[in-house]
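Take a look at the structure below.
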Amino acid sequence: MAHPRIAPRSPPHRDRPTPRRRPSPTDGAVTMDSQTSQSSQAPQSPQSPHTFQVDLRGLVDLLSHHLYSSPKVYLRELLQNAVDAITARRAEQPEAPATVRLFADGGTLRVEDSGIGLTESDVHSLLATIGRSSKRGDGLQAARSDFLGQFGIGLLACFVVAERIRVVSRSARTPDAAPVEWTATDDGSYAVRTLPHDARPEPGTTVHLVARPGAADWLRADRVRSLARDFGSLLPYDVRVGDEAITDLPAPWERAYPSPTTRRMALARHCHDLFGFTPLDTIDLDVPLAGVRGVAYVLPTAVSPAQRASHRVHLKGMLLTERAEQLLPDWAFFVRCVLDTDSLRPTASRESLYEDETLAAVREALGERVRSWLTSLAAGDPERLAAFLSVHHLGVKSLARHDKEMLRTMLPWLPFETTDGRLSLEEFAQRHPVVHFTRTVEEYRQVAPIASAQGVGVVNGGYMYDSELVEALPSVRPGTVVAELDADTVTAHLDAVDPAQELALSAFLGAARAALDPLGCDVVLRAFHPLSVPALHLDDRAARHEQARAEAEEEADDLWAGILGSLRGSAPRARLVLNHLNPLIRRIGSLNDPTLIGTATESLYGQALLMAQRPLRPADSALLNRAFIGLLEWATHTNSPEDGPR
């Protein structure tokens with residue numbers, strides 16, 4: 001398919017078909033205009049090819065509102081064209097000058113480069129054709145990989161802030177050729193003329209912009225200077241705004257420093273200037289095979305693993321994007337990167353990276369560099385590793401669950417909440433022959449005090465990634481026994497009550513079980529420490545699922561009740577374990593009033609739920625209110641004057 005090309009405007013007399021022609025160097029004005037009517041063209045057979053007409057105003061609107069994220073990219077495109085022109089010239093003339101100069105006054109901007117320049121025929125075939133780039137031909141195909149731009153639409157980005165563009169260029173290939181001037185306006189028209197030789201004595205190109213109404217702020221000298229420094233500080237050529245140098249080479253991570261401490265301090269300042277924080281540490285990202293050079297800065301505060309990290313990426317020195325999200329593996333959310341690359345492909349807007357096999361390989365290589373940094377800290381700098389893990393242990397856990405070698409390396413360092421305190425899995429496994437764990441925080445809170453008193457080691461696996469890592473422990477620590485803790489296991493570790501004593505309390509236990517049976521909870525009697533805990537509520541996921549099913553069955557209509565009833569399982573019910581060693585339980589066990597026993601049992605049940613920090617169901621809340629009111633009524637009734645002393 002032919003490139004969209006600037007086509008001559010149709011004559012005003014639309015009643016006479018006029019054949020289309022290509023613009024010639026002597027044309028005063030030609031325009032891209034998709035509104036040319038079909039009747040203004042000579043009749044053609046259905047098999048004849050047609051050339052697209054392009055509405056420049058519509059195309060500029062597309063660029064400014066959909067392709068580019070901000071009008072500021074116009075300056076990046078100007079710098080890109082200048083740098084590519086210099087690169088093209090130096091491919092043929094290695095000793096040619098390499099300078100870019102920008103001059104701004106708020107209403108206009110002038111950009112001068114010492115690049116390869118354009119001839120008059122180049123102007124017509126390149127500047128007036130959308131999608132065609134000087135990087136695509138004229139013997140420069142071999143050097144195309146050295147260019148920043150690849151799409152041939154860069155100059156149009158200037159119309160986002162300019163209503164008129166004037167280009168004066170002199171070719172370095174044909175020194176005797178006169179300079180040529182190309183002037184275009186945002187209505188799609190352009191004019192070309194040759195100039196006297198003294199209009200531009202040296203080869204190169206000068207671009208003049210005249211601001212659009214309301215866009216003069218983008219051409220202010222201070223704004224241009226700031227944008228040029230942001231986009232072009234790592235460009236390989238001499239770039240200046242006025243007399244002020246913009247380029248600052250070598251890059252901070254490639255400079256020589258007197259000592260590692262000096263380098264770390266310099267990079268910390270660089271990080272603060274770019275990202276606004278002082279890093280915990282820095283990680284070199286020099287990956288020659290991937291064409292990447294740069295540094296990763298470790299965040300000093302914790303961030304959510306779900307938060308997408310944004311990185312700064314330079315392409316051959318030119319800032320490509322400040323928001324590259326796919327540069328590192330997802331688990332490396334605790335770093336922010338700034339790097340320069342010559343191997344990655346930009347998208348058409350040159351504001352993000354093209355997802356392809358090269359980017360995937362670079363992502364893997366950079367992830368390996370971060371992994372190596374963690375390994376080196378574990379081997380040689382445990383204090384810095386501990387400081388890092390105190391903030392970013394989630395990131396390392398995320399990596400370790402998929403990487404056995406990383407889990408083995410980090411095993412002595414990763415912190416976990418356990419019944420023995422905050423320990424690493426390695427230390428915890430050394431203390432306990434069986435590593436028990438819970439899958440939820442609620443389950444852990446239920447059993448932690450009791451299990452600790454009974455000498456049972458339990459790891460809280462309810463936090464992100466923790467249960468997966470505990471289950472993976474035997475794969476990196478052979479011989480380790482890991483078991484999920486359930487209600488039966490906890491109950492089995494509690495001491496049984498003497499059968500004679502339990503028989504004496506059978507009436508009390510029967511009344512207590514009758515009170516909690518509607519809630520799907522059994523009552524058992526055990527003796528355990530600490531003595532201060534009167535009752536313990538135990539259940540597991542299977543019991544909770546069965547409880548939820550039973551509740552749904554009660555509330556459903558006949559059809560759904562029948563379906564839910566058919567799903568009834570054999571899961572054990574929740575249980576309220578009464579502590580026979582607790583003085584309060586002994587006193588309650590001596591009661592003879594079944595109603596009072598039921599109220600006391602309901603109160604113990606509610607208190608056990610609250611101690612476990614379990615969410616309360618509506619039925620549980622109603623029970624707590626009923627039990628509280630019942631105890632108040634009993635206390636006030638038995639202490640009333642007319643009833644006499646208790």
Side-chain angles (χ1 to χ4, degrees), residues 56-85 99-113 115 127 130 148-149 151-169 182-190 205-235 237 239-248 273-274 312-315 317-323 346-352:
L56 184 57
R57 287 186 183 274
L59 186 56
V60 170
D61 179 74
L62 178 67
L63 293 175
S64 59
H65 293 99
H66 301 283
L67 183 62
Y68 296 125
S69 62
S70 167
K72 69 180 182 180
V73 299
Y74 86 93
L75 192 66
R76 184 195 63 200
E77 300 298 331
L78 287 174
L79 287 176
Q80 170 201 290
N81 287 344
V83 169
D84 285 344
T99 60
V100 181
R101 298 290 183 265
L102 298 92
F103 305 91
D105 61 11
T108 63
L109 172 66
R110 185 172 84 253
V111 181
E112 301 177 352
D113 69 66
L127 297 186
I130 309 303
L148 300 172
F151 298 95
I153 59 175
L155 193 61
L156 284 180
C158 297
F159 281 121
V160 174
V161 298
E163 66 177 3
R164 184 161 59 90
I165 303 174
R166 176 171 168 257
V167 177
V168 177
S169 187
W182 180 85
T183 304
T185 57
D186 60 0
D187 66 357
S189 63
Y190 77 91
T205 300
T206 302
V207 179
H208 303 261
L209 301 186
V210 177
R212 300 168 63 92
D217 184 64
W218 291 104
L219 303 188
R220 286 197 341 257
D222 59 336
R223 175 67 72 90
V224 169
R225 186 180 303 109
S226 175
L227 293 177
R229 184 176 291 111
D230 199 32
F231 284 122
S233 62
L234 300 184
L235 290 174
Y237 305 133
V239 181
R240 296 176 182 269
V241 176
D243 295 329
E244 183 175 340
I246 296 302
T247 49
D248 186 19
D273 292 341
L274 285 183
R312 288 176 63 95
V313 178
H314 296 255
L315 179 61
M318 180 74 74
L319 178 65
L320 182 70
T321 178
E322 300 173 285
R323 299 183 300 274
T347 59
S349 67
R350 288 183 289 283
E351 294 186 299
S352 59

* **Y190 and I165: CA distance, side-chain angles, deciding distance, side chain to side chain contact (heavy atoms under 4.5 Å, CB included) verdict** => CA-CA 9 Å; Y190 77 91; I165 303 174; over 6 Å; no

* When you look at L78 and L209, which way does the side chain to side chain contact (heavy atoms under 4.5 Å, CB included) test go after all the steps? -> CA-CA 10 Å; L78 287 174; L209 301 186; 3.7 Å; yes

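I246 and R229 make their closest contact through CG2-CA, 3.4 Å (heavy atoms, listed as atom of the first residue, atom of the second, distance). The minimum heavy-atom distance linking Y237 with T247 is given by the pair O-CG2, 3.1 Å. Of all heavy-atom pairs spanning E112 and T206, the tightest one is CG-OG1, 3.5 Å. For V73 against F231, the heavy-atom pair with the smallest separation is CA-CZ, 4.4 Å.
Within a 6.0 Å sphere centred on CZ of R164, heavy atoms belonging to other residues, nucleotides or ligands number 12 at most.
Partners of R166 by side-chain contact (heavy atoms from CB on, under 4.5 Å), not counting sequence neighbours, listed by chain and number: V168, E181, T183, H208. Qualifying salt bridge (charged side-chain N to carboxylate O under 4.0 Å, His left out) partners for E163, counting only residues two or more places apart in sequence or in other chains: none. Applying the salt bridge (charged side-chain N to carboxylate O under 4.0 Å, His left out) rule to D222 yields the partners R220; only residues at least two apart in sequence or on another chain are considered. For the side-chain contact (heavy atoms from CB on, under 4.5 Å) test, no residue two or more places apart in sequence or in another chain qualifies with S226. The salt bridge (charged side-chain N to carboxylate O under 4.0 Å, His left out) check on R312 picks up D230, E322, with sequence neighbours excluded.
A donor-acceptor pair under 3.5 Å is formed between the side chain of R240 and the backbone N or O of D243.
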Which pairs of donor and acceptor atoms, one on a side chain in residues 102-109, lie under 3.5 Å apart (sequence neighbours left out)?
from	atom 1	to	atom 2	distance (Å)
D105	OD1	G107	N	3.0
D105	OD1	T108	N	2.8
D105	OD1	T108	OG1	3.0
D105	OD2	T108	OG1	3.1

